[in-house]
J.: 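To start, I am sharing the structure in question, which I have written as structure tokens.
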Amino acid sequence: MSTIRLQLAEYLKSRGFTPDSLLELIPETVNPETIYQLIEKAENLHQIDLSLLATVIDGLSKLNGFPVGIGEAVRYLPGVGCVIVEEEGVEKSSV
């Protein structure tokens with residue numbers, strides 16, 4: 001089965017940011033513990049509210065000073081038997 005994983009911890013670390021620096025840019029209506037769980041327990045998450053994800057991506061964009069795409073915060077991991085179609089001229093493969 002394919003999965004989708006948040007990669008917020010990796011994103012923040014690779015750019016030298018901390019969870020606290022992100023939290024400073026997230027609206028106060030969002031519980032800080034929720035953000036910490038998204039960062040620290042991403043592998044155990046099975047669902048996320050899309051408006052919360054949008055809020056986090058907005059925070060990442062403010063932190064960076066430029067727009068951040070959803071693909072930078074989320075990673076798709078294909079499951080066994082999924083066919084991946086690469087760009088034109090590159091061979092198709094099965095995972």
Side-chain angles (χ1 to χ4, degrees):
M1 181 165 97
S2 300
T3 59
I4 293 178
R5 294 277 184 246
L6 289 177
Q7 51 187 22
L8 298 175
E10 296 87 348
Y11 184 91
L12 292 171
K13 184 178 180 182
S14 71
R15 288 160 179 79
F17 298 128
T18 65
D20 290 331
S21 61
L22 174 61
L23 272 171
E24 291 177 14
L25 300 170
I26 299 286
E28 292 180 9
T29 55
V30 177
N31 184 339
E33 186 60 32
T34 300
I35 301 301
Y36 285 119
Q37 286 185 8
L38 293 177
I39 295 168
E40 297 169 3
K41 300 182 180 185
E43 68 278 352
N44 296 323
L45 293 176
H46 299 287
Q47 61 185 12
I48 184 172
D49 181 85
L50 293 178
S51 63
L52 176 60
L53 180 58
T55 298
V56 169
I57 292 172
D58 286 345
L60 292 173
S61 296
K62 290 175 188 173
L63 193 59
N64 280 296
F66 56 83
V68 172
I70 191 168
E72 296 176 77
V74 176
R75 183 172 178 204
Y76 171 73
L77 303 167
V80 176
C82 290
V83 175
I84 301 172
V85 179
E86 300 290 335
E87 293 182 31
E88 188 175 327
V90 179
E91 191 173 312
K92 296 179 183 180
S93 63
S94 179
V95 178

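Just the heavy atoms: all of them, side chains too, but no hydrogens, waters or symmetry mates, feed the values below.
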J.: For the OG1 atom of T29 and the CG atom of L52, what is their distance to the nearest 0.5 Å?
T.: 9.5 Å
J.: From I26 CD1 over to E24 CD, what is the distance, rounded to the nearest 0.5 angstrom?
T.: 11.0 Å
J.: Only pairs under 3.5 Å count here: list side-chain donor-acceptor contacts from residues 32-42, not counting sequence neighbours, and write none if there are none.
T.:
{"residue": "Y36", "atom": "OH", "partner": "D20", "partner atom": "OD1", "Å": "2.2"}

J.: Using the rule that Ile, Leu, Val, Met, Phe, Trp and Tyr join whenever any side-chain heavy atoms are under 4.5 Å apart, tell me whether L77 and L45 fall into a single cluster.
T.: no
J.: So which heavy atom on G79 is nearest to which on S2, and how close?
T.: N-OG, 2.9 Å
J.: Taking the side chain as everything from C-beta on, heavy atoms only, tell me whether I70 gets closer than 4.5 Å to L53.
T.: yes
J.: Table please: side-chain donor-acceptor pairs of residues 54-68 below 3.5 Å, with sequence neighbours left out.
T.:
{"residue": "T55", "atom": "OG1", "partner": "S51", "partner atom": "O", "Å": "2.9"}
{"residue": "S61", "atom": "OG", "partner": "I57", "partner atom": "O", "Å": "3.0"}
{"residue": "S61", "atom": "OG", "partner": "V68", "partner atom": "N", "Å": "2.9"}
{"residue": "N64", "atom": "ND2", "partner": "Y11", "partner atom": "OH", "Å": "2.5"}
{"residue": "N64", "atom": "ND2", "partner": "L60", "partner atom": "O", "Å": "2.9"}

J.: Salt bridge or not for E10 and R5, using N-O below 4.0 Å?
T.: no
J.: Please list, chain by chain and in numerical order, all residues satisfying salt bridge (charged side-chain N to carboxylate O under 4.0 Å, His left out) with R75, sequence neighbours excluded.
T.: none
